[in-house]
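Order of the sequence lines fixes the chain letters, A, B, ..., with proteins taken first and strands second; residue numbering starts at 1 for each chain. What you are looking at is a predicted structure, and each value in this text was computed from that prediction instead of being measured.
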Amino acid sequence: MGFKNAPMTTVKPVEGKENLFSPEVRAEIDSWIAKYPEQWRQSAVMAALRIVQDANGGYLTEALMDQVAAYLDMPAIAVYEVATFYSMYELKPVGRHKVCVCTNVSCMVNGSDKIVDHMEQKLGIKLGETTEDGRYTLKEVECLGACGGAPMFQIGTKYYENLTPELVDSILDGLE
Amino acid sequence: MANEVCLRNNDLERPWLLEQYQSRGGYEQLKRILAGEITPAQVIDEVKAANLRGRGGAGFPTGMKWSFISREAPGQKYVVCNSDEGEPGTFKDRDILRYNPHQLIEGMIIAGYAIGATRGYNYIRGEFWEPYMRFQGAIDEAREAGLLGENILGSGFDFDLHVHLGGGAYVCGEETALLESIEGKKGQPRFKPPFPAHFGLYGRPTIINNTESLCSIPVIIEKGGKWFSEIGVANSGGSKLFSISGNINKPGVYEIPMGTPFAELLEMAGGMRDGRKCKAVIPGGSSSPVIPGEQMLDLTMDYDSIQGAGSMLGSGAVIVMDDTNCMVRVLERMSYFYYEESCGQCTPCREGTGWLYRVVSRIENGQGRPEDLELLEDVTRKIAGRTICALGDAAAMPVQGMLKHFRDEFEYHIEHKRCKVGA
Ligand SMILES: Cc1cc2nc3c(=O)[nH]c(=O)nc-3n(C[C@H](O)[C@H](O)[C@H](O)COP(=O)(O)O)c2cc1C
Ligand code: FES
């Protein structure tokens, strides 16, 4: 193993990992740790951040990131680097439903602007904002690999394709 | 001659199930190989004979890539599948994961056997939750059936396979950034050499291939490299998945022989919407330079033909645009993408993509200056070829393509402070 490539586990493993997170969250993170070589717990950092974020209503806090670092024997800075690099992690509170709308080329030439305008008007917020009641966040994203169904957006784990303003209404109104 | 390889089971009702895949001879090639009927060297020879070029975008010959790893070298080796599918316009690997996951698994095990690797990872972009669940379901089924894990089918060969989910970063589709990402780091590409074949995942010899490349392997072994090669044309073996989208009637994924005329593909995809004129086509994902519609209608879909027209077949993502689209606006959106997605490691890319976006944006917004087009060209020259990975080139090429073919629209914007198309 070369110098550049050694795990960044320069920290001394913390005691009492069983006090971090809930048992369910721990079990889920452990199932990801098991996929990687033993000395590479840090490979599970992306999964751990996602799991912890989901359990925390959709966003990460510094305290949570520190706990992930402790759990995976990583320096906190290495976890912050990952959490700030990837676009699916949220470092500020988001609405109960995060609407990730694609505006890349295929969606754009199929009218994603109209979809964005419609949602901004309907919800009274701009892209990047959250409604006051905390129900919806609008987020602009890059191509989600579903251009055949353009225009499209993702809410939670689900893709919604071939959107029209009417369809958007029925989707958004159908969420709690 | 459509749907012969990766989508060949799409006519089945639930082709993603093991039992359905096996009803079409699934895992039979793996069995033959493990029984010793075909040696690892023969596997690699078939893949070479197939003339299969990597479907992720760069088109590197797959058989040659595999032969860089010595099967006898001691220690852990890895097979990594690239299902990051981030190149704008591309949506084919998603269909493989959803509809033919077992063929991909079989391809990955065969690849592992050929190079002596006992572990594989499939890097699936984090947004693809449903395709991930499908693929994970297939892994579980295969493991249950003794097709994955230790001592596969009593052969003594071990191979296990896991998914790594991405977190939303285009650059992680670049192979070395992807490896960094699996290692739990931010996805910044590594300097090459050393190449992954020598220093890959966790510093070990690794082959990394696109989903479509690996999914083609079982069919190549079954029907022979020659059969596969002959589906296509010289220099472009086989059939290929094309993700076609834009202003057309039936966007979707079409698997057709390499060398098929673009006009035929467009017809399969239902032709232009509302009978409008095909103004411009991005032939291989947003990183490939645009080609004017008229010229495109005379080209065939293979590496040499598209390259001859000054562009690239790339990932086979065809974005078709009609005459209502303003090319300045399209380029503004594309340039924003590269600016947003640059990982920031190399100065020419980090700074240059910002320059490209800001200058195109001011032209689009009526504040362009006469010297801006030369400025743009100058910036592209200062990015291309001067960065660790090809994201820099990917940002530069679409700008060069647009200025070459649609310069008049940019000039009109600068001179009249408004759009020629009226968009
Ligand atoms: C910025 C960038 C993004 C890339 N994205 C992808 C991708 O999403 N999927 C992919 O298979 N290859 C992608 N590639 C190409 C990979 O680096 C690599 O060449 C490919 O996975 C090798 O597999 P192949 O030989 O089977 O094509 C990308 C390259 C660059 C420079
Ligand atoms: S451009 Fe919107 S999903 Fe690809």
Looking at [atom1] of [X] and [atom2] of [Y], how far apart are the two atoms once the value is rounded to the nearest 0.5 Å?
X	Y	atom1	atom2	value
B:Tyr202	A:Ser43	OH	OG	2.5 Å
A:Glu142	B:Tyr338	CD	OH	10.0 Å
B:Gln188	A:Glu81	CD	CD	8.0 Å
A:Cys100	B:Glu127	SG	CD	8.0 Å
B:Leu161	A:Lys35	CG	NZ	9.5 Å
B:Tyr336	A:Thr103	OH	OG1	8.0 Å

Please look at [X] and chain A and tell me whether the side chain, the backbone, both or neither of the residue comes under 4.5 angstrom of a heavy atom of that chain.
X	result
B:Thr90	backbone
B:Phe128	both
B:Cys172	side chain
B:Glu341	side chain
B:Ile319	side chain
B:Val253	neither

Practice problem: Identify the residues of residues 146-161 of chain A whose heavy atoms come closer than 4.5 Å to a heavy atom of chain B, ordered by number, or report 'none'. | Solution: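 When heavy atoms of chain B are the reference, residues 146-161 of chain A contributes A:Ala146, A:Cys147, A:Gly148, A:Gln154, A:Thr157, A:Lys158, A:Tyr159, A:Glu161 within the under-4.5 Å range.
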
Self-check item: B:Gly246 versus A:Asn110, closest heavy-atom pair with distance
Solution: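 Scanning both residues, the minimum pair turns out to be O-ND2, 3.3 Å.
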
Quiz item: Salt-bridged, A:Asp113 to B:Arg333, with N to O below 4.0 Å?
Solution: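 Looking at B:Arg333 together with A:Asp113, the answer is no, because their closest N to O distance does not fall below 4.0 Å.
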
Quiz item: In terms of heavy-atom proximity below 4.5 Å to chain B, should A:Val141 be classed as side chain, backbone, both, or neither?
Solution: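 Backbone only.
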
Exercise. Give the ring-plane orientation class for A:Tyr36 versus B:His164, where under 30° counts as parallel, over 60° as perpendicular and anything between as tilted.
Key: perpendicular

Quiz item: Heavy atoms, side chains only, cut-off 4.5 Å: are B:Pro88 and A:Asn104 in contact?
Solution: yes

